[in-house]
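Have a look at the structure below, then the notes.
Every heavy atom of this structure was used, including side-chain atoms; hydrogens, water molecules and symmetry mates were not.
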Amino acid sequence: MNKVLLSAAFLALAACASQPVSYFTLPDSRFQMPEHTQGKSEIAVRVVLAAPLDKGGLTYQTDALQLNHARSHLWAQPLEQAAAARFANEFNRAGSARHYFVPSHQSSAAQSLTVYLEAFQGTYRGSTLVEGYVRRADGSRRFRAETPQQGDGYEAMLQSLSQGLSSAAEQVSGK
């Protein structure tokens with residue numbers, strides 16, 4: 001009897017271990033310091049993830065009510081850091097005469113801008129959703145970007161999420 005239980009446990013562990021883990025990076029999530037910072041003040045960009053997004057894996061909405069978290073398709077770096085770098089890059093490209101943006105994990109700036117990501121997932125409708133709001137000293141602004149996904153798989157989902165982040169940053173910066 002013990003041999004049967006031990007064999008069953010071994011087979012269950014072997015089945016779990018047989019799925020290879022893949023790591024994904026968010027496009028444009030390596031922070032690039034802008035060339036012209038002289039005379040501008042630094043603003044730290046911090047991202048706060050909604051609890052369902054803070055699981056380490058990519059997220060997919062399978063119907064109107066359920067989110068699934070990938071167990072074998074994981075973020076290569078914490079999503080909040082990758083998203084902060086991406087938002088900082090997008091805000092810097094939009095340009096500001098008075099400020100430049102740096103991800104909070106690379107900044108010691110007193111001024112900050114906080115991005116709250118409430119949705120960042122693929123959906124059963126063939127699109128991805130990036131939704132939340134930005135809070136700064138002068139108020140807050142919501143964003144929502146639903147972007148069509150071109151093709152199947154996680155790579156296509158990441159490209160669509162990347163387009164959604166660009167759209168969200170544009171909505172927030174007002175450009």
Item to check | Arg46 side chain vs Leu113 backbone, donor-acceptor pair below 3.5 Å | outcome: no
Checklist entry - Do the non-hydrogen side-chain atoms of Arg86 and Pro27 ever get within less than 4.5 Å of each other? => result yes
Checklist entry - Is Phe91 reachable from Ile43 through a run of I, L, V, M, F, W or Y residues, each pair having side-chain heavy atoms under 4.5 Å apart? => result yes
Checklist entry - Are there more than 12 heavy atoms of other residues, nucleotides or ligands under 6.0 Å from atom CG of Asp152? => result no
Checklist entry - Minimum heavy-atom separation for Ala145 to Ala168, with atom names? => result CB-N, 4.4 Å
Checklist entry - Given side chains that start at C-beta, do those of Glu146 and Arg125 come closer than 4.5 Å, heavy atoms only? => result yes
Checklist entry - With a 4.5 Å heavy-atom cut-off, do Leu129 and Phe120 have their side chains touching? => result no
Next on the checklist: Ignoring hydrogens, what is the shortest heavy-atom contact between Thr25 and Trp75? Give both atom names and the distance.
Outcome noted: C-CZ3, 4.2 Å
Next on the checklist: Do Leu58 and Gln121 make a side-chain contact, defined as non-hydrogen atoms from C-beta onward lying under 4.5 Å apart?
Outcome noted: no
Checklist entry - Tyr60 side chain to Thr123 main-chain N or O, any donor-acceptor pair under 3.5 Å? => result yes
Checklist entry - Is the side chain of Ser167 donor-acceptor paired with the backbone N or O of Gly164 at a distance under 3.5 Å, no angle test? => result no
Checklist entry - If you measure from CD on Gln111 to OG on Ser41, what distance do you get to the nearest 0.5 Å? => result 4.5 Å
Item to check | Same apolar cluster (I L V M F W Y, side chains within < 4.5 Å links), Phe24/Leu26 | outcome: yes
Next on the checklist: Apply side chain to side chain donor-acceptor pair (under 3.5 Å) to residues Glu90 and Ser166 and explain how you reach the verdict.
Outcome noted: CA-CA 7 Å; Glu90 291 285 347; Ser166 293; 2.9 Å; yes
Checklist entry - How many angstroms lie between CE in Met33 and OH in Tyr100, if you round to the nearest 0.5 Å? => result 5.5 Å
Next on the checklist: I want to check something: taking the side chain as every heavy atom from C-beta on, are Gln77 and Ser29 in contact at a cut-off of under 4.5 Å?
Outcome noted: yes
Checklist entry - Within the distance-only criterion (no hydrogens, no angle test), does the side chain of Arg141 pair as donor or acceptor with the backbone N or O of Val172 below 3.5 angstrom? => result yes
Item to check | Validation row: Phe31, Val102 side chains within 4.5 angstrom (heavy atoms) | outcome: yes
Next on the checklist: Suppose we screen for salt bridge (charged side-chain N to carboxylate O under 4.0 Å, His left out). Which residues come up paired with Arg142, at least two apart in sequence or across chains?
Outcome noted: Glu118, Glu131
Checklist entry - Glu80 and Val48: side-chain contact (heavy atoms from CB on, under 4.5 Å), yes or no, with the steps? => result CA-CA 6 Å; Glu80 62 271 14; Val48 176; over 6 Å; no
Next on the checklist: So does Tyr124 get a backbone contact from the side chain of Gln61, meaning a donor-acceptor N/O pair under 3.5 Å?
Outcome noted: no
Checklist entry - Hey, any chance Phe143 and Leu79 share a hydrophobic cluster, counting ILVMFWY side chains that come within less than 4.5 Å of each other, even indirectly? => result yes
Next on the checklist: Can you confirm whether Ser127 sits close enough to Thr147 that some side-chain heavy atom of one is under 4.5 Å from a side-chain heavy atom of the other?
Outcome noted: no
Item to check | Ser107 side chain to Glu42 side chain, donor-acceptor N/O pair below 3.5 angstrom | outcome: yes
Next on the checklist: Tell me if a side-chain donor or acceptor on Asn89 pairs with a main-chain N or O of Arg30 at a distance below 3.5 Å.
Outcome noted: yes
Item to check | Hphob cluster co-occupancy, Val115 + Leu49, side-chain heavy atoms under 4.5 angstrom | outcome: yes
Next on the checklist: Quick check against the 3.5 Å criterion: does Gln149 have a side-chain atom that pairs as donor or acceptor with the backbone of Gly151?
Outcome noted: yes
Checklist entry - With a 4.5 Å heavy-atom cut-off, do Val130 and Leu117 have their side chains touching? => result yes
Next on the checklist: Go through it in stages, so that I can follow the logic: the residues are Thr114 and Val134, the test is side-chain contact (heavy atoms from CB on, under 4.5 Å), and I'd like the CA-CA distance, side-chain angles, deciding distance and then a yes or no.
Outcome noted: CA-CA 6 Å; Thr114 304; Val134 170; over 6 Å; no
Checklist entry - Taking His69 for the side chain and Pro52 for the main chain, is one N or O donor matched with an acceptor at less than 3.5 Å? => result yes
Item to check | Side-chain ion pair, Asp28 and Arg93, N-O less than 4.0 Å | outcome: yes
Item to check | Closest non-hydrogen atom pair, Lys55 against Ala51 | outcome: CE-O, 4.0 Å
Checklist entry - Using 30° and 60° as the class limits, which term best fits the ring planes of His73 and Tyr154: parallel, tilted or perpendicular? => result parallel
Item to check | Inter-residue atom distance Thr62.OG1 - Asn68.CG, 0.5 Å rounding | outcome: 4.5 Å
